[in-house]
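Worksheet: one structure, shown below.
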Amino acid sequence: MRITTKLDPNSWPHAAAAHKVLLALAKAGGEGRFVGGCVRDGLLGRPVRDLDIATNMAPEAVIAALAAADLKSVPTGIKHGTITAIADHVGFEVTTLRHDVETDGRHAVVAFTDDWQQDAARRDLTMNALFCDADGHLYDYFDGFADLQAGRVRFVGDPAQRMDEDYLRILRFFRFHADYATGPFDPAAIAAATARRGELKRLSGERLRQETLKLLTARRGVEVWGDMLRRDFAESYLPWATTQDRLIKVAALEVELGITPDPVRRLASLTVTGSGSAIAETLKLSNAERDRLTMATGARPDFNVSDAHLVRRQIYDLGNARALDLLLMDWGATEPDSDWRCAFDIIQSWPRPNFPLAGRDLIALGLTAGLDLGARLAEIEAWWIAGDFAADREACIDRARNLLAS
């Protein structure tokens with residue numbers, strides 16, 4: 001039902017482009033309303049990012065309406081009613097109202113509808129069942145606005161039924177609690193989640209990855225992950241991610257040093273030594289994420305901050321991003337705090353350099369290609385590193401020329 005509270009969608013990013021999409025739907029006899037994060041964050045005064053739209057028009061009608069308005073459409077998820085509308089080079093997901101016909105805890109078979117309340121009833125949380133029209137009028141069918149104001153994360157209807165429809169909603173409950181709640185867990189929701197925590201193992205790694213990484217960087221993500229550890233939720237699908245003390249330290253350092261919270265770093269700080277590969281496989285991390293996680297969690301010496309040259313040497317070996325990971329994870333293990341802060345400043349201000357020579361430079365000086373070429377190049381690189389990376393290309397070529405002459 002429509003309530004008196006209003007929003008100002010015109011203040012949101014790409015609002016003008018979004019209104020072109022809404023106008024196209026209206027001209028075709030349908031209606032579009034903003035839904036999801038933009039409504040939720042707009043009500044809380046938080047930055048609004050993606051503008052998602054729900055509509056009472058069937059997907060084929062949406063495509064026709066967009067075409068009539070000279071707007072491009074991409075059938076990104078047409079089986080589930082989602083069309084991506086392109087206006088002013090910005091994409092907006094437009095999803096037809098729907099209701100679940102069949103669910104098994106992992107997938108849903110849906111049917112389309114034109115009933116806004118029926119669509120709201122199939123959503124997970126009351127704060128995610130809020131709609132806002134082009135003029136900013138708010139539509140609230142399950143007291144989501146009151147829950148949002150109170151910092152209460154509550155399911156639409158019966159929490160057990162919502163979770164049985166999709167077990168990922170167990171993790172989403174924790175993630176939204178970490179981002180939006182100001183008080184304790186909703187009793188009915190935490191009871192239903194506890195009874196179903198073992199079902200998390202049935203979910204695909206890709207879906208687990210998305211919610212886990214978002215949870216770890218949520219506003220109260222560290223605190224909520226601790227609650228999940230104590231209640232055996234984390235162990236039910238990530239039995240290797242149990243070292244919360246280091247997570248607390250890393251998260252505190254990110255805040256203190258003004259670093260953007262990083263989900264892979266936070267995941268690594270939770271992880272038992274040597275288990276990075278197992279976690280990467282379970283969560284289906286990307287190759288880059290996997291390599292970063294296994295490097296940070298493998299058997300290794302602590303990051304050395306005792307000498308500025310050694311810090312730069314480690315940056316050269318690891319790269320700035322990975323060096324920062326190890327610095328934050330190992331912070332305080334050795335050396336005074338001032339040394340760690342000095343190392344942090346070096347990582348932030350000294351970009352990893354590239355060795356200025358290549359094999360072709362030695363060939364140009366008369367060295368024949370072969371095993372000796374690599375050995376000579378490595379020898380010059382070691383000299384360059386020992387000189388704290390100060391020598392430029394010309395100095396390195398002089399070094400090579402003298403080395404070959406001798």
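Hydrogens, waters and symmetry mates play no part in the numbers below; they use all other heavy atoms, side chains included.
- With hydrogens and angles disregarded, a donor-acceptor distance shorter than 3.5 Å links the side chain of Glu254 to the backbone of Asp262.
- Leu238 approaches Leu267 most closely through the heavy-atom pair CD1-CD1, 4.4 Å.
- The backbone N or O of Thr271 sits nowhere less than 3.5 Å from a side-chain atom of Ser275 that would complete a donor-acceptor pair.
- In this structure, the side chains of Met329 and Val250 come closer than 4.5 Å at one or more pairs of heavy atoms.
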Before you tell me yes or no, could you show the steps for Leu171 and Met228 under side chain to side chain contact (heavy atoms under 4.5 Å, CB included), namely the whole-Å CA-CA distance, both residues' side-chain angles and the distance that decides it to 0.1 Å?
CA-CA 10 Å; Leu171 274 189; Met228 292 172 63; 3.7 Å; yes

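- Between the side chains of Thr334 and Asp302, no donor-acceptor pair is found at a separation under 3.5 Å.
- Other residues, nucleotides and ligands contribute more than 12 heavy atoms inside 6.0 Å of the NE2 atom of His137.
- No donor-acceptor pair closer than 3.5 Å links the side chain of Asp88 to the backbone N or O of Val90.
- For Arg46, the CZ atom sits in a packed shell: over 12 heavy atoms of surrounding residues, nucleotides or ligands are nearer than 6.0 Å.
- For the residue pair Thr76 / Thr84, a side-chain donor-acceptor distance below 3.5 Å is found, with atom types taken as modelled.
- Using a cut-off of 4.0 Å between Lys/Arg side-chain N and Asp/Glu carboxylate O, Glu211 and Arg207 are scored as not salt-bridged.
- For the side chain to side chain contact (heavy atoms under 4.5 Å, CB included) test with Arg352, the passing option among Asp317, Ile315, Ile347 is Ile315; the others fail.
- Between the side chains of Tyr141 and Asp119, no donor-acceptor pair is found at a separation under 3.5 Å.
- Ring geometry for Trp384 against Phe355 counts as tilted: the plane angle lies between 30° and 60°, on a 0 to 90° scale.
- For the 3.5 Å distance criterion, the side chains of Asp337 and Trp331 qualify, holding a donor opposite an acceptor.
- When only modelled atom types and interatomic distance are considered, Asn287 and Arg290 share a side-chain donor-acceptor pair under 3.5 Å.
- Under the 4.5 Å side-chain criterion, counting only non-hydrogen atoms from C-beta, Arg312 is in contact with Asp388.
- Taking a cutoff of 4.0 Å between a charged side-chain nitrogen and a carboxylate oxygen, Arg266 and Asp325 do not qualify as a salt bridge.
- Residues Leu270 and Leu216 are in side-chain contact: their nearest non-hydrogen atoms beyond the backbone lie under 4.5 Å apart.
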Working note: Glu223 + Arg220, criterion salt bridge (charged side-chain N to carboxylate O under 4.0 Å, His left out); need CA distance, chi angles, decisive distance, verdict.
CA-CA 5 Å; Glu223 174 189 341; Arg220 293 172 55 206; 2.7 Å; yes

Please test Arg401 against Asp361 for salt bridge (charged side-chain N to carboxylate O under 4.0 Å, His left out), starting from the C-alpha separation and ending with a verdict.
CA-CA 10 Å; Arg401 187 178 290 113; Asp361 297 308; over 6 Å; no

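- No donor-acceptor pair closer than 3.5 Å links the side chain of Arg152 to the backbone N or O of Pro184.
- For the 3.5 Å distance criterion, the side chains of Asp186 and His177 fail to qualify, holding no donor opposite an acceptor.
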Could you go through Leu43 and Phe145, starting from their C-alpha distance and side-chain angles, then the distance that decides it, and tell me whether this counts as side chain to side chain contact (heavy atoms under 4.5 Å, CB included)?
CA-CA 8 Å; Leu43 287 168; Phe145 180 54; 3.9 Å; yes

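- Cation-pi geometry between Arg33 and Trp116 is met: under 6.0 angstrom from the ring centre, within 45 degrees of the axis.
- A salt bridge links Glu256 with Arg341: the closest approach of a Lys/Arg side-chain nitrogen to an acidic carboxylate oxygen falls below 4.0 angstrom.
- Taking all atoms of both residues into account, the shortest heavy-atom contact from Ala87 to Val21 is CB-CG2, 4.1 Å.
- In this structure, a donor-acceptor pair under 3.5 Å is absent between the side chains of Thr55 and Thr96.
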Just do the salt bridge (charged side-chain N to carboxylate O under 4.0 Å, His left out) check on Arg196 and Glu199 with the steps written out, would you?
CA-CA 6 Å; Arg196 291 160 177 78; Glu199 304 295 346; over 6 Å; no

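- When side chains are defined from C-beta on, Phe92 counts as touching His14, because their heavy atoms get closer than 4.5 Å.
- Arg292 is listed as a side-chain neighbour of Arg265, based on a closest heavy-atom distance under 4.5 Å.
- Ring geometry, Trp12 versus Phe34: the interplanar angle exceeds 60°, so the pair is classed perpendicular (tilted spans 30 to 60°).
- Side chain of Asp52 to backbone of Val35: no donor-acceptor contact under 3.5 angstrom is found.
- Between the side chain of Gln314 and the backbone N or O of Asn304 there is at least one donor-acceptor pair closer than 3.5 Å.
- Interatomic distance, Met127 CE to Asp179 CG, rounded to the nearest 0.5 Å: 9.5 Å.
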Can you check side chain to side chain contact (heavy atoms under 4.5 Å, CB included) on Phe142 and Leu130, steps first, answer last?
CA-CA 8 Å; Phe142 297 101; Leu130 295 165; over 6 Å; no

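- A salt bridge between Arg209 and Glu206 is absent, with no side-chain N of the basic residue lying under 4.0 Å from a carboxylate O of the acidic one.
- Other residues, nucleotides and ligands contribute over 12 non-hydrogen atoms within 6.0 Å of the CD atom of Gln348.
- Atom CD of Gln161 has more than 12 neighbouring heavy atoms from other residues, nucleotides or ligands inside a 6.0 Å radius.
- Residues Leu66 and Ile83 meet the side-chain proximity criterion, which asks for heavy atoms closer than 4.5 Å.
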Audit row: Leu328, Lys249, side chain to side chain contact (heavy atoms under 4.5 Å, CB included) steps and yes/no:
CA-CA 8 Å; Leu328 296 187; Lys249 179 190 71 173; over 6 Å; no

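- In terms of heavy atoms, Leu7 sits closest to Cys132 at CD1-SG, 4.0 Å.
- With sequence neighbours excluded, the residues forming a side chain to side chain contact (heavy atoms under 4.5 Å, CB included) with Asn128 are Arg40, Asp124, Leu125, Arg172, Phe176, listed by chain and number.
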Evaluation steps, ring pair (Phe, Tyr, Trp, His ring centres under 6.0 Å), between Phe174 and Trp225:
CA-CA 8 Å; Phe174 285 112; Trp225 191 268; 9.0 Å; no

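- A donor-acceptor pair under 3.5 Å is absent between the side-chain atoms of Asp147 and the main chain of Arg154, judged by distance alone.
- Between Thr82 and Val94 the shortest side-chain heavy-atom distance does not fall below 4.5 Å.
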Could you walk me through whether Thr113 and Gln118 pass the side chain to side chain donor-acceptor pair (under 3.5 Å) check?
CA-CA 8 Å; Thr113 179; Gln118 192 175 40; 2.8 Å; yes

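- With hydrogens and angles ignored, the 3.5 Å screen pairs a side-chain donor or acceptor of Gln244 with a backbone N or O of Val222.
- Distance check: Leu148 CG to Thr126 OG1 gives 8.0 Å after rounding to the nearest 0.5 Å.
- Side-chain contact check for Leu324 versus Phe344: some heavy-atom pair is nearer than 4.5 Å.
- Across Gly32 and Ile53, no two heavy atoms sit closer than the pair CA-CG2, 4.1 Å.
- In terms of modelled atom types and a separation under 3.5 Å, the side chain of Asp392 and the main chain of Ala395 share a donor-acceptor contact.
- No more than 12 heavy atoms of other residues, nucleotides or ligands shown are found within 6.0 angstrom of NZ on Lys72.
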